[in-house]
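Take a look at the structure set out below.
Here is how names work: the chains are called A, B, and so on, in the same order as the sequence lines, proteins then strands, and each is numbered from 1.
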There are 2 protein chains.
Amino acid sequence: MTEKPDTKWRILDAAEKLFGLKGFEATSLRDITAEAQVNLAAVNYHFQSKDSLIDAVIARIIQPVNKRRLEKLDAAGPNPALEEILAAFLGPVLELDLANVAPLMGRLMSEPNLFIERFFKTHLAPVSQRFQEEIHKALPDLPRAEIAWRMHFVAGIMAHHARWSQVLPVTSGGLCDNSDPQAVIERIVAFSAAGFRAPVREPAVMTGKG
Amino acid sequence: MTEKPDTKWRILDAAEKLFGLKGFEATSLRDITAEAQVNLAAVNYHFQSKDSLIDAVIARIIQPVNKRRLEKLDAAGPNPALEEILAAFLGPVLELDLANVAPLMGRLMSEPNLFIERFFKTHLAPVSQRFQEEIHKALPDLPRAEIAWRMHFVAGIMAHHARWSQVLPVTSGGLCDNSDPQAVIERIVAFSAAGFRAPVREPAVMTGKG
DNA sequence: GTCTATAGGTTGATAGAC
DNA sequence: GTCTATCAACCTATAGAC
């Protein structure tokens, strides 16, 4: 019956913000408890260790993202267009809060060592497979390997944008305005859909004998 | 007259490898001196601090990469095709040693805080501007802002691939074979060129009065 | 559940002998 | 230039009072 933002949630919120801002290793539990205005020992009481806290922070972000991805995909009907598939994959990430959540998501996607060990099989692999199946239905002539490559490219755009979105207006010299998430999604969908429809280059034939 | 791999170079090589593998914060000077088989105090003798060592490691990678980018661009003649421009931008990064150098390059590109403070103005901004000019000549109808956005997307693909290349054969379930760097460059160039040529969506007109 | 106090270890950096 | 030894600061984690 009490309000939600108790100690445990305050720690998760503070950890999410600081992990995204400075990274997992560079953020100490003291940084987190200072930001959350709770006692240092509370971290080890509510979570068992820093590693478990990292797991909890990430799970709290990834699970609803993947849930919404699949909901959007289902909502697009039995034979969604390529653009609908890409928007379902990208939207839930690019709609995350740019200040706190998106940087952490981008950081996580650029740390394959951490990601693979703890989240790849449980969180990413099933969703990735489902999306690759849908793209295969939308582009039946595109080889499976090419679908995997191009999903890898789309994930790269998404991760990089999540990581740079906060500073992009500066680094682009004001050219890139990302204040409207929907406009960003449309841009990335248009770019990625065109890339997915690019002709597949035949592998070069070696001149040596077989 | 002595051989090149003296203490200073051994430290740079070891730091490059470990920074890429574990990250800047997670790698201690003791990790580096153990890998390089030199004394701990040698780091602070040859470089003044860990931060200066980070600068030196990164400068040693970025400078030749940007030099080769511009050489490739110049070699493509006065009016290079879009594909030639993209290959000049991507090639020198994607041809880096996948085991040691590429992971560090990918990590650097996914750490905007570090990157912007120390390398953006000196290393990235001039090269980026030159490439955007060339793309403007190749695609004169594409708005400047859209060029900036799409270069941002291409950089994302590049950074993500540099970061994941080592594990990609596993995470793709064997679908993505990246043993041939030239084939990877061709794939990314084809995808990105098609994305660059995608039609620009007109901004949606609001239904409210002006 | 929340706090203080502290154990036990690692870090970056330096002083000073050789 | 290279080494040993060491410092002060920081870290995660826990024990135990309340």
With a cut-off of less than 4.0 Å, is there a side-chain N or O of [X] near OP1 or OP2 of [N]?
{"X": "A:Asn39", "N": "C:dT4", "value": "yes"}
{"X": "B:Ser28", "N": "C:dT10", "value": "no"}
{"X": "B:Thr7", "N": "D:dG1", "value": "no"}

Any salt bridge linking [X] with [Y]? Criterion: basic side-chain nitrogen under 4.0 Å from a carboxylate oxygen.
{"X": "A:Arg68", "Y": "A:Glu95", "answer": "yes"}
{"X": "A:Glu25", "Y": "B:Lys22", "answer": "no"}
{"X": "A:Arg144", "Y": "A:Glu133", "answer": "yes"}

Could you please name the option among C:dG12, D:dA13, C:dT4 that lies closest to any side-chain atom of A:Ala41?
C:dT4

Could you tell me how far apart [X] ([atom1]) and [N] ([atom2]) are, to the nearest whole angstrom?
{"X": "B:Ile54", "N": "C:dT11", "atom1": "CD1", "atom2": "C1'", "value": "14 Å"}
{"X": "A:Glu25", "N": "C:dG12", "atom1": "CD", "atom2": "C1'", "value": "16 Å"}
{"X": "A:Lys22", "N": "D:dC11", "atom1": "NZ", "atom2": "P", "value": "8 Å"}
{"X": "B:Arg10", "N": "D:dT2", "atom1": "CZ", "atom2": "P", "value": "9 Å"}
{"X": "B:Ile32", "N": "C:dT10", "atom1": "CD1", "atom2": "P", "value": "17 Å"}
{"X": "B:Asn44", "N": "C:dA13", "atom1": "CG", "atom2": "P", "value": "6 Å"}
{"X": "B:Tyr45", "N": "D:dC3", "atom1": "OH", "atom2": "P", "value": "13 Å"}
{"X": "B:Ile11", "N": "D:dC3", "atom1": "CD1", "atom2": "P", "value": "10 Å"}

Sorted by position of nearest nucleotide on DNA chain C, 5' first, the leading residue of A:His46 and A:Leu40 is A:His46

Closest-nucleotide 5' rank along DNA chain D - winner of A:Gln48 and A:Asp31
A:Asp31

Is the charged tip of A:Arg69 near the ring of A:Phe89: under 6.0 Å from the six-membered ring centre and within 45° of its axis?
yes

Classify the ring geometry of B:Phe119 against B:Phe115: parallel below 30°, tilted from 30° to 60°, perpendicular beyond 60°.
tilted

